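Comments concern the structure below.
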Amino acid sequence: MEIGSLPFPFLTPEDYSFLFPEGTMDPNFNLNTKKRHRNDNEQSPWKTNSNTDLNDTALNDLLNSLIHLDKQQQPMVMNSRSVQPQFQFDFDSSPTKRPRRRDDDTDSIMQTPSSSTSTGPQRRLWVKDRSKDWWERCSHPDFPEDEFRRCFRMSKATFDLICKELDSAVTKKNTMLRDAIPVRQRVAVCIWRLATGDPLREVSKRFGLGISTCHKLVLEVCSAIKTVLMPKFLRWPDDANMKLIKQEFESVSGIPNVGGSMYTTHIPIIAPKSNVNAYFNKRHTERNQKTSYSITVQGVVDPKGVFTDVCIGWPGSLSDDLVLEKSALYQRASRGSLKDVWVVGNSGHPLMDGILVPYTHQNLTWTQHAFNEKVGDIQKIAKDAFARLKGRWSCLQKRTEVKLEELPGVLGACCVLHNICEMRNEGMEPEWEFELFDDEMVAENTTRSPASEQARDHIAHYLLHHGCAGTAFF
């Protein structure tokens, strides 16, 4: 602040000279000691002159009050001949601080890039550049059909059908940051992952996508398959289809009214973080000499090996009969909904209304042996279907990184894709074949319905007396 004339005409410099140290009346003197330069041999005024031992804060307060008083009084005209000294004061001796930025200034700064980008090119999210050469070659129309089947376990026509069915469920819109991944690539990531069982790192390299993106796509497509395709391709047959199924099973075994063949398999998993003992598979551990954990998949198939009912996700420590008790099929049989329909199981399932199983006691008769042979023929259909399921979708053969709570959805998607391939007569390559190793254990309570036991004896005698019995027991 510059003062051009004395603010108080009734005072002379001598009247207020006591406020300033000696020599400070010099017009070029500056009170800011931080800006003042002195000689090295000059002694510090803070130590030698007692009049200069003033407190900066008190001095600033006094000068501020004088200025405030000056503003209240009207300045008076002074004699132009008198020469008045000019003083320059620095009232703030504290270090200079940067003023705080106001909110409106921040808003203007934040709006600046958007205003500039409105006229220029749109902003893009930074994405790591990954090679997509492999997927571009696979999706090209000239890509060989045989090579495509080896990669995705199905023909191009079947793959296109799945993409068409899932289009509305998995399509995403483009954004200003990036373009959405096409439907075909989304479905291909999921099917290739299920077919090969390779780790997500390899899937990322194949399709030129991030590892987390590939994992997310697998779960999203599996969920869409369960929601959209399962009601169409995996359902209990109606009356007309059940009649055809009965005829086909009877032509295979000679046993009338068979509506399905049931089998239960185990899928290996990584040891869960909680409730570990429930998923401990004792039989697989003893056979492989390695601690094994698993979850179960119970399925009913028709004569073509197509699943008509599945129950997925129960712990691997449960026996086949306990898994059956927790399934919707058991509830259907208990209510009598399987009237005039037999679902053929193995020795691990109980004999009850709607569930037909082989004889398990010792010293079987020829009639009982013949019956067990025909039941084995029906059971082979279900076992072969599960072998094709695990052979086509290799992710079911080894432990996967999928979380336990998300695994049933993945397994259900595999069953649906299996049905689509079976319905469209997709063949199995020799290198896809897989041998099942599910140990059967006799159920604790083998007979739960006396009426079913009588019906089984009647069927066994029917096979023997009508020439439908086999001769393997002789």
Side-chain angles (χ1 to χ4, degrees), residues 149-154 188-204 206 214-215 218-219 221-222 225-226 234 262-272 279-299 301 305-307 310-318 320 323 346 379-422 426-440:
R149 290 188 71 255
R150 282 194 291 270
C151 293
F152 299 99
R153 305 297 195 265
M154 62 182 65
V189 168
C190 178
I191 293 180
W192 196 83
R193 161 76 164 157
L194 300 179
T196 62
D198 287 345
L200 292 171
R201 188 185 306 105
E202 183 65 23
V203 182
S204 172
R206 293 274 183 171
C214 293
H215 178 68
V218 171
L219 297 181
V221 175
C222 286
I225 290 175
K226 180 181 177 181
L234 200 162
M262 180 171 54
Y263 187 80
T264 303
T265 189
H266 290 256
I267 306 299
I269 62 172
I270 299 175
Y279 294 90
F280 176 70
N281 192 320
K282 181 179 179 181
R283 290 167 289 176
H284 286 196
T285 300
E286 293 175 350
R287 185 180 65 248
N288 300 330
Q289 297 298 312
K290 182 179 180 181
T291 305
S292 300
Y293 301 90
S294 65
I295 65 173
T296 60
V297 178
Q298 174 189 283
V301 302
V306 175
F307 289 103
V310 291
C311 178
I312 302 172
W314 290 104
S317 63
L318 300 181
D320 292 353
V323 175
N346 54 31
Q379 265 288 289
K380 187 177 184 300
I381 296 176
K383 192 171 182 179
D384 291 344
F386 272 97
R388 293 195 298 273
L389 172 70
K390 288 189 173 183
R392 178 176 276 115
W393 312 114
S394 300
C395 66
L396 307 180
Q397 303 174 14
K398 49 191 174 183
R399 298 183 300 178
T400 178
E401 304 97 334
V402 179
K403 296 181 180 179
L404 187 60
E405 58 270 17
E406 299 170 344
L407 190 54
V410 176
L411 301 181
C414 291
C415 294
V416 174
L417 295 175
H418 166 86
N419 281 5
I420 295 176
C421 293
E422 294 292 325
E426 296 285 350
M428 289 284 295
E429 298 293 334
E431 58 269 20
W432 302 347
E433 294 181 359
F434 181 79
E435 185 177 359
L436 294 179
F437 295 99
D438 294 306
D439 301 324
E440 297 180 7

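Keep in mind that this is a model prediction, so the values were computed, not measured.
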Exercise. What's the spacing between Ile295 CD1 and Ser317 OG if we round to 0.5 Å?
Worked result: 12.5 Å
Problem set entry | Distance (rounded to the nearest 0.5 Å) between Phe434 CZ and Leu389 CG |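 The CZ atom of Phe434 sits 10.0 Å away from the CG atom of Leu389.
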Exercise. Crowded around Lys290 NZ? As in, over 12 foreign heavy atoms under 6.0 Å?
Worked result: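 Open: at most 12 neighbouring heavy atoms sit under 6.0 Å from NZ of Lys290.
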Salt-bridge criterion met for [X] and [Y] (N-O under 4.0 Å):
X: Glu426; Y: Arg149; result: yes
X: Arg201; Y: Glu401; result: no
X: Arg388; Y: Glu422; result: yes

Exercise. Lys383: what forms a side chain to side chain contact (heavy atoms under 4.5 Å, CB included) with it, not counting sequence neighbours?
Worked result: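 With neighbours one apart ignored, the set is Tyr263, Leu436.
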Distance-only check: which donor-acceptor pairs under 3.5 Å involve side-chain atoms of residues 410-419, not counting sequence neighbours?
unit_1	atom_1	unit_2	atom_2	d
His418	NE2	Gly305	O	2.9
Asn419	OD1	Phe307	N	2.8
Asn419	ND2	Phe233	O	2.8
Asn419	ND2	Phe307	O	2.9

For this session: Compare every heavy atom of Ser292 with every heavy atom of Thr285, then report the nearest pair and how far apart it is.
Result: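 Thr285 and Ser292 have their closest heavy atoms at OG1-N, 3.0 Å.
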For this session: Might you point out which heavy atoms bring Arg283 and Leu318 nearest each other, and give the distance in Å?
Result: NH2-O, 4.1 Å
Is a side-chain N or O of [X] found less than 3.5 angstrom from the main chain of [Y], in a donor-acceptor match?
X: Arg392; Y: Ala195; answer: no
X: Thr265; Y: Val297; answer: no
X: Gln298; Y: Met262; answer: no
X: Thr296; Y: Gly316; answer: no

